[in-house]
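Encoded as structure tokens, the structure appears first; notes follow it.
For the single chain, residues carry numbers from 1 onward in sequence order. Every heavy atom of this structure was used, including side-chain atoms; hydrogens, water molecules and symmetry mates were not.
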Amino acid sequence: MKRYTIKLIKTEVEELKAIINKGSHSSQTYRAAYILLNCDKGDYSEKVTNEQMSKVLKVGMRTIDRVKKRFIEEGLEAVLERRPTQRV
């Protein structure tokens, strides 16, 4: 599997911390914010492994990989919002 390295800029870190600290958001948004903050390899990060994160957040390793991939390919806003449904 391809490895994705997340490097957040200061404004992205501030936006993610604001989501975690205040407001009402979906559980998916909170989960994605926590995953991105903990996967960050930039200047504003805390070093946490995926194994530690999966135990604390009670999510699978695959979920962490999917969030990281979506962030790299589609950007921050796409990760924090739900995809439109494909059902008819």
Side-chain angles (χ1 to χ4, degrees):
M1 168 163 252
K2 191 173 184 182
R3 293 192 175 250
Y4 294 95
T5 303
I6 306 295
K7 291 189 179 179
L8 299 173
I9 57 175
K10 188 175 182 178
T11 56
E12 291 172 334
V13 171
E14 291 170 354
E15 183 178 348
L16 292 171
K17 286 185 178 182
I19 288 170
I20 291 170
N21 292 328
K22 62 183 176 184
S24 63
H25 304 281
S26 69
S27 60
Q28 177 184 357
T29 303
Y30 280 112
R31 184 182 67 207
Y34 277 114
I35 289 171
L36 289 174
L37 282 172
N38 288 315
C39 289
D40 184 22
K41 302 291 185 204
D43 298 331
Y44 310 100
S45 68
E46 301 171 11
K47 306 300 183 226
V48 180
T49 65
N50 284 359
E51 291 83 15
Q52 292 170 329
M53 195 179 351
S54 69
K55 288 179 186 175
V56 171
L57 296 177
K58 297 191 183 341
V59 296
M61 297 290 288
R62 181 82 174 112
T63 302
I64 295 170
D65 291 337
R66 275 192 230 112
V67 169
K68 289 164 60 173
K69 178 181 178 183
R70 191 163 183 211
F71 175 77
I72 295 295
E73 293 178 353
E74 300 176 30
L76 180 63
E77 296 303 319
V79 172
L80 298 177
E81 296 176 2
R82 288 185 172 267
R83 287 187 177 148
T85 183
Q86 300 296 323
R87 294 184 183 178
V88 180

For [X], all residues meeting side-chain contact (heavy atoms from CB on, under 4.5 Å), sequence neighbours excluded:
X     : result
Leu57 : Tyr34, Ile35, Met53, Val59
Gln86 : none
Glu81 : Glu77
Ala18 : Lys22

Between [Y] and [X], is there a side-chain heavy-atom distance shorter than 4.5 Å?
X     : Y     : value
Lys7  : Thr5  : yes
Ile20 : Leu37 : yes
Asn50 : Lys68 : yes
Leu80 : Leu16 : yes

Once rounded to the nearest 0.5 Å, what's the spacing between atom NZ of Lys69 and atom CD1 of Ile6?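 One gets 12.5 Å once the value is rounded to the nearest 0.5 Å.
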Taking atom CG of Leu8 and atom NZ of Lys17, what is their separation to the nearest 0.5 Å?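 NZ of Lys17 is found 10.5 Å from CG of Leu8.
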Check the pair Phe71 / Arg66 against side-chain contact (heavy atoms from CB on, under 4.5 Å), numbers first and verdict last. CA-CA 9 Å; Phe71 175 77; Arg66 275 192 230 112; over 6 Å; no
Partner set under salt bridge (Lys or Arg N to Asp or Glu O under 4.0 Å) for Glu74, not counting sequence neighbours: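 Glu74: salt bridge (Lys or Arg N to Asp or Glu O under 4.0 Å) contacts with Arg70, Arg83.
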Among residues at least two apart in sequence or on other chains, which ones pass salt bridge (Lys or Arg N to Asp or Glu O under 4.0 Å) with Arg31?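 Once residues adjacent in sequence are excluded, Arg31 has no partner under the salt bridge (Lys or Arg N to Asp or Glu O under 4.0 Å) criterion.
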All pairs passing ring-ring contact (aromatic ring centres under 6.0 Å, His included) where residues 6-30 contributes a residue, at least two apart: His25-Tyr30
Using side-chain contact (heavy atoms from CB on, under 4.5 Å), reason through Leu76 and Leu36 one step at a time and then give a plain yes or no. CA-CA 9 Å; Leu76 180 63; Leu36 289 174; 3.8 Å; yes
Listed partners of [X] passing side-chain hydrogen bond (donor to acceptor under 3.5 Å, both in side chains), at least two apart:
X     : result
Ser54 : none
Glu14 : none
Gln28 : Arg82

